[in-house]
2 protein chains.
Amino acid sequence: MSGRGPRERMVFSAAQLIRRDGVGATGMREVAAHARAPRGSLQHYFPGGKEQLVNEAVGWAGRYAGKRVARFLAALPEPTPALLFAEMVRQWTDEYEADGFAGGCPVAAATVDLATSTDSAREAASAAFTEWTTAVARALTDLGVPAGRAGPLATLMISSLEGAILLARAERSSRALTEVSRELGPLLDSAVTAPGPGHAAGR
Amino acid sequence: MSGRGPRERMVFSAAQLIRRDGVGATGMREVAAHARAPRGSLQHYFPGGKEQLVNEAVGWAGRYAGKRVARFLAALPEPTPALLFAEMVRQWTDEYEADGFAGGCPVAAATVDLATSTDSAREAASAAFTEWTTAVARALTDLGVPAGRAGPLATLMISSLEGAILLARAERSSRALTEVSRELGPLLDSAVTAPGPGHAAGR
DNA sequence: CCGCTACTATGACGACGGTCATGACGGACA
DNA sequence: TGTCCGTCATGACCGTCGTCATAGTAGCGG
């Protein structure tokens, strides 16, 4: 777990702490201690200060989420959009049942704490979300979802997942996550063969 | 705007600042200044300190969101679940197009910054979400959604909305909000007459 | 041994936050 | 008038945080 260099470990630790405590409540000294890295390395590897560290952590999280999607797809014997989403959700329910509801999504945490940094934090979060979304959209098209619907459906999946994570953490229950997965499943699978949008009210 | 007493103004201002900057980045002095209230009133009205103030702000937000649902329903000439959700989304797109993407949901902000306070903050956020969810679920049943689906669908609506708010703020675009509304609409309306779950893969 | 570079170590500074202590104002009421 | 109490006003304390400055160590080519 965690890359070999101290630098990578610090980025990884930053992402972990941010996703648990938020950006503002995560201190640089804390990151160094968590990564078992010397405090002096902070200003050496991250001359841009906390902003740079947070941005790299967010970017790392986006890349991680994107890669994870492809791995989910490969692991499923008979992949469908609903099963992919169920797998994405399961990643969270598993963690919550194993380690408690301590952590959320680091990108979401960075988005909420926009005021702390300049626009660069927002851009990093936006890039992370787009990376994740395009990965999901690509997976959907691979599963037979028409190109026009893959993007919006990917956005819907990630939005629902992020929101359900919030609810789950607040109520300390995976209920929201499982319900969202169950309710969204049929809609996602119904988009595979359907040529146009929805069923009736296209608008 | 804002109640008459200084106390209510402070709770309201706290909610506004929290939803913009997050819990950690919002200072007590800042809240007092924003509410045009004397700093000395903080320790008088909120002897429980910041924790109490934040919890009351979160509770206020939950109550506000719940009432808002009923008002949306009443304002719609021919209400359907999809139209209700579209109205909930529109509240955010309108604000974002008018005032910029400055603010998010205060309850989400409080949920992300769990570490700052004890469990009471989490309970306040949970209560706020529950209040909001039950209001939406009640509206859905009024619109003809079977009792068994109203709760999960309400959770899905709020999850998607919260997540889309995150995406919208990150990319400074209402795209995610409108796409989620459009994609979720048919599913919501299809639940009105359908007795069982989804269309095919019930489980 | 020198100089150079990458990395580590540590202390200090300035700013800000939440909280507390203390006191002042201003009606209400006897 | 004197006293009480809700409200407001400030200044101080103490901790933490991000950042900077400075110095130390380790390895290496010359």
Side-chain angles (χ1 to χ4, degrees), chain A residues 2-18 20-58 106 109-110 112-121 124, chain B residues 2-58 109-110 112-121 124:
Chain A
S2 76
R4 300 222 271 300
R7 193 184 198 272
E8 294 148 353
R9 283 210 316 273
M10 281 194 267
V11 174
F12 180 76
S13 290
Q16 273 197 281
L17 294 176
I18 287 172
R20 201 188 53 187
D21 303 331
V23 174
T26 298
M28 303 279 277
R29 296 166 167 86
E30 197 184 353
V31 171
H34 184 276
R36 239 111 62 211
R39 214 191 84 197
S41 302
L42 279 172
Q43 71 186 278
H44 185 70
Y45 291 116
F46 307 96
K50 186 175 188 177
E51 186 178 332
Q52 181 187 356
L53 178 58
V54 171
N55 291 357
E56 294 204 21
V58 169
V112 166
D113 271 359
L114 283 178
T116 55
S117 305
T118 71
D119 265 13
S120 70
Chain B
S2 75
R4 300 222 269 302
R7 212 195 117 99
E8 293 149 354
R9 283 209 317 273
M10 281 193 269
V11 174
F12 180 76
S13 291
Q16 275 197 279
L17 294 176
I18 286 171
R19 97 195 187 88
R20 201 187 54 188
D21 302 331
V23 175
T26 297
M28 302 278 278
R29 297 166 166 85
E30 197 185 353
V31 171
H34 184 275
R36 239 111 61 212
R39 215 191 82 201
S41 302
L42 280 173
Q43 73 184 277
H44 189 254
Y45 291 117
F46 307 96
K50 187 176 189 177
E51 186 177 331
Q52 182 186 356
L53 178 58
V54 171
N55 291 358
E56 295 205 19
V58 169
V112 166
D113 271 358
L114 283 180
T116 55
S117 304
T118 72
D119 265 12
S120 71

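Chain A is the first sequence line, chain B the second, and so forth, proteins listed ahead of strands; every chain is numbered from 1.
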Enquirer: So how far is it from Leu53(B) CG to Arg7(B) CZ, rounded to the nearest 0.5 Å?
Expert: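 Taking CG in Leu53(B) and CZ in Arg7(B), the distance rounds to 9.0 Å.
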Enquirer: Does any N or O in the side chain of Arg9(B) come within less than 3.5 Å of the main-chain N or O of Arg36(B), such that one atom is a donor and the other an acceptor?
Expert: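 Looks like yes, one N/O pair under 3.5 Å.
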Enquirer: Any side-chain heavy atom of Phe46(B) sitting closer than 4.5 Å to one from Met10(B)?
Expert: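 A side-chain contact under 4.5 Å exists here.
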Enquirer: Can you give me the closest heavy-atom contact between Val23(A) and Ala109(A), atom names plus distance?
Expert: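 Looking at all heavy atoms of both residues, the closest pair is CG2-O, 4.0 Å.
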Enquirer: Going 5' to 3' through nucleotides 7-16 of chain C, assign each nucleotide B (protein heavy atom under 4.0 Å from a base atom), S (under 4.0 Å only from sugar-phosphate atoms) or - (no protein heavy atom that close).
Expert: BBBBBB----
Enquirer: Which atoms form the tightest heavy-atom contact between Ala57(A) and Ala15(A), and what is the distance?
Expert: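 Taking Ala57(A) first and Ala15(A) second, the nearest heavy atoms are CB-N, 3.8 Å.
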Enquirer: What is the separation between atom CG on Leu53(B) and atom C1' on dG18(C), rounded to the nearest whole Å?
Expert: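 Rounded to the whole Å, the gap is 12 Å.
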Enquirer: Rounded to the nearest 0.5 Å, what's the gap from CD on Gln52(A) to CG on Leu42(A)? Could you check?
Expert: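 Taking CD in Gln52(A) and CG in Leu42(A), the distance rounds to 10.5 Å.
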Enquirer: From the 5' end of DNA chain D to its 3' end, which nucleotides mark the outer limits of contact with chain B, defined by a 4.0 Å heavy-atom distance cut-off (strictly under)?
Expert: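 Range of nucleotides touched by chain B: dG6(D) to dA12(D).
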Enquirer: How many angstroms lie between OG1 in Thr26(A) and CD in Gln16(A), if you round to the nearest 0.5 Å?
Expert: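 If I round to the nearest 0.5 Å, the distance is 11.0 Å.
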Enquirer: Check the pair Asp113(B), Asp113(A) against side-chain contact (heavy atoms from CB on, under 4.5 Å), reporting the backbone distance first and the verdict last.
Expert: CA-CA 9 Å; Asp113(B) 271 358; Asp113(A) 271 359; 4.0 Å; yes
